[in-house]
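Bear in mind the structure is a predicted one, so any value in this text is a computation, not a measurement. Each chain gets a letter, A, B and so on, in the order the sequences are listed, and its residues count up from 1.
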Amino acid sequence: MAKAKILVVDDDPDLVRALRLRLRANQYEVTTAADGYAAIASAQKERPALIILDLGLPVGDGFVVLERLQSSDVLSGIPVIVLSARDPQANEQRALRAGAAAFFQKPADNDELMNVIRVSLGSATEAPQRAAWPS
Amino acid sequence: MDYPTTNVLLIEDNPGDADLVRLRLVEGKSAVNVNCVNRLSDGLASLTRETPTLILLDLNLPDSRGADTYRRVMEHSPNVPVVVLSGQDDEALAIKAVHQGVQDYLIKGNLSSKHLERAIQYAVERQGLLRALEISQKQQLEFKNRFLSHVSHELRTPLTCIHQYVTLLLDGLAGTMAPEQSDHLKTVLKSVNQLHAMIRDLLEATRAESGKLRIEPRCIALGELVQQAAAMLRPTAEGKKVGLEIGLDQSLPLVHADPDRVLEVLINLLDNAIKFTPPEGSVMIQASMVEADQGYVYLSVSDTGRGINPEAKSLIFERLYQDPDSIDNNRSGLGLGLFICKEIVRQHQGRIWVSSELGQGSTFSFTLPVYSLAKLLAPVITYQDHLRPDLVLVRVDLTPLSNPPRGNWKETWHECLNLLQRCVYLDKDLVLPPMGTTGATETFFVVVSTDLQRSGIMTTRIREQLERVDELKSKCTLTITTFPVEYACDNPDATLEQQVQSVAGCVTRMILTSREARKVSATKSKPASNSVKP
């Protein structure tokens with residue numbers, strides 16, 4: 001089976017590097033973008049199976065990216081996991097309404113993040129119950 | 001120099017006094033409009049219509065006397081300066097009024113227009129200063145809170161990076177580690193987690209202070225939460241050789257509280273208790289009812305630690321309080337934990353307190369309101385002092401077909417609840433607050449004042465409304481089940497209140513039975529439809 005491709009969008013290159021290492025170790029192919037514009041361009045070109053998206057980005061923040069993705073026929077089906085340092089109380093519902101599949105606040109628990117990635121990619125049955133149905 | 005026109009509202013019932021004051025006002029140099037009323041109620045009505053520059057107030061009016069008069073005026077229009085008109089004999093009261101926020105008082109007998117004019121001017125000035133001070137204090141608080149929330153956000157970015165690389169190394173994703181190296185890194189990770197917790201507390205405390213700490217109360221069973229909290233802290237307790245016991249009353253009622261927040265409080269108290277208890281000591285978490293206070297469930301966490309100084313007891317729930325004895329041998333955090341606990345409990349309309357004896361240990365207790373179905377039901381199931389004849393409990397089950405990532409259904413369930421509210425007649429039906437979810441299915445209960453035959457109209461309406469939601473149509477199965485509420489009241493002379501109580505008891509049992517049944521039958525099968533007797 002071909003490896004699923006994940007687009008990581010974050011303007012902190014160090015964090016992107018660490019995420020890339022971890023995702024590769026979990027058998028994913030990784031492509032990256034450092035701003036909102038590059039994120040859309042990369043999504044169109046690479047057609048990733050999933051996007052990990054920061055909210056505070058230069059050249060079009062995460063919400064702009066979400067909006068662009070949702071308004072595109074070909075890209076709106078890609079699950080987006082928001083990974084942001086911002087306050088969930090003010091941003092989680094907004095992100096979910098804008099089309100995100102999940103919201104994680106940085107620093108996120110790695111196991112939980114990997115589980116949600118797995119679930120979002122469609123191998124839902126393998127994922128433990130905890131990740132899919134938190135209390 | 002031109003002064004803007006001063007609009008004075010004169011509240012004075014003695015026509016002679018009123019005329020005199022009006023005369024003195026008009027004699028002055030500046031332009032004054034006087035609106036004179038002789039009753040407090042007329043004065044308040046006038047204040048609702050328009051805001052004067054100043055109020056001249058006689059305290060003894062036909063419809064209000066003494067201190068009450070100025071209190072009611074100030075409560076109504078807190079930003080308008082008030083000057084009290086006082087007689088010679090009640091100067092003491094006038095002075096008291098000034099202490100309580102009235103700007104000035106004038107003795108009616110010796111009013112000159114110069115005197116009056118100056119008093120008005122000063123009163124207006126002082127009120128303006130006060131207002132400016134208030135605004136500036138508010139701005140300062142807001143700035144501080146914004147600053148703190150900004151800082152806690154900015155701190156997260158580098159912390160995330162550290163966290164990622166430390167876990168990369170620990171998980172062996174960058175090569176194998178020697179055991180000693182791994183040990184050192186675990187220490188780093190522990191500190192990272194501590195720092196993370198502090199940043200979270202900082203934001204929480206900021207929120208609590210600015211009144212933005214949100215709670216989402218549901219109807220919850222405390223037993224499960226207590227077990228959960230204990231399970232989470234058990235490794236910490238065992239690591240320190242501290243015993244951890246649970247004491248739960250057999251029949252605890254449901255409480256109306258936010259499960260995540262209550263868990264936060266319990267974890268915080270348990271964590272503290274374990275921290276301050278020496279090895280071989282023990283920590284006990286309890287939930288119980290108190291005979292004299294049936295409206296609340298009492299929760300407590302007690303330890304056999306060294307106890308708290310009597311002087312510290314009143315300070316311990318304050319922000320930034322740290323036990324002075326613990327700083328050198330323990331990293332005690334920011335001193336925000338108990339402050340956050342206090343705010344969470346307060347938001348639930350509960351109380352939190354500590355009792356302690358030096359050398360013996362401490363007990364932290366708090367209360368949560370019992371979920372009183374009777375109180376919620378009373379207005380809808382009674383009509384003209386009688387119980388409505390027929391009641392039906394409608395259960396709406398929404399079982400997702402696809403498996404969405406976390407959190408995503410929350411929004412949908414919220415929308416469902418709003419739609420349900422719109423389906424019912426608010427004066428005779430009641431949508432119950434959401435219960436804690438078991439498994440994947442979200443369940444809503446509605447008490448409907450109708451008989452079983454006619455309840456079909458309601459279920460059709462609910463189905464129609466809910467099926468309009470896109471996510472529901474494609475991604476959930478919707479099951480609506482109706483149960484007749486067959487309450488039994490043995491006592492024929494029961495008061496209406498007692499009857500409501502017995503209905504509430506019956507509905508509670510029905511809900512619990514139906515939840516239990518579903519837990520057993522698992523979430524995959526559809527529940528048996530239609531009128532199952534409880």
At what distance, to the nearest 0.5 angstrom, does [atom1] of [X] lie from [atom2] of [Y]?
X: A/Q105; Y: B/L203; atom1: CD; atom2: CG; answer: 7.5 Å
X: B/Q164; Y: A/R20; atom1: CD; atom2: CZ; answer: 13.0 Å
X: A/D87; Y: B/R156; atom1: CG; atom2: CZ; answer: 8.0 Å
X: B/T160; Y: A/D14; atom1: OG1; atom2: CG; answer: 12.0 Å
X: A/D111; Y: B/T167; atom1: CG; atom2: OG1; answer: 9.5 Å

Review point. Most heavy-atom pairs under 4.5 angstrom with chain A, which of B/I162, B/T157, B/D171?
Key: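 Maximum pair count with chain A is reached by B/D171.
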
Show the atom names and distances, to 0.1 Å, of all donor-acceptor pairs under 3.5 Å that link a side chain in residues 79-86 of chain A to residues at least two apart or in another chain.
unit_1 : atom_1 : unit_2 : atom_2 : d
A/S84  : OG     : A/R86  : N      : 2.9

Practice item. Check whether B/H153 gets within reach of chain A through its side chain, its backbone, both or neither, counting any heavy atom under 4.5 Å. Key: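 B/H153 touches chain A through backbone and side-chain heavy atoms alike.
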
Review point. How would you list all residue pairs meeting salt bridge (Lys or Arg N to Asp or Glu O under 4.0 Å) that involve residues 40-60 of chain A, not counting sequence neighbours?
Key: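 Output for this query lists A/K5-A/E46, A/D54-A/K106.
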
**Study point:** Side chain, backbone, both or neither of A/R17 within contact of chain B (heavy atoms, under 4.5 Å)
**Key:**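 Both parts, backbone and side chain.
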
Point to revise | Other residues, nucleotides, ligands: >12 heavy atoms within 6.0 Å of B/E154 CD | key: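 Buried by this count: over 12 neighbours within 6.0 Å.
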
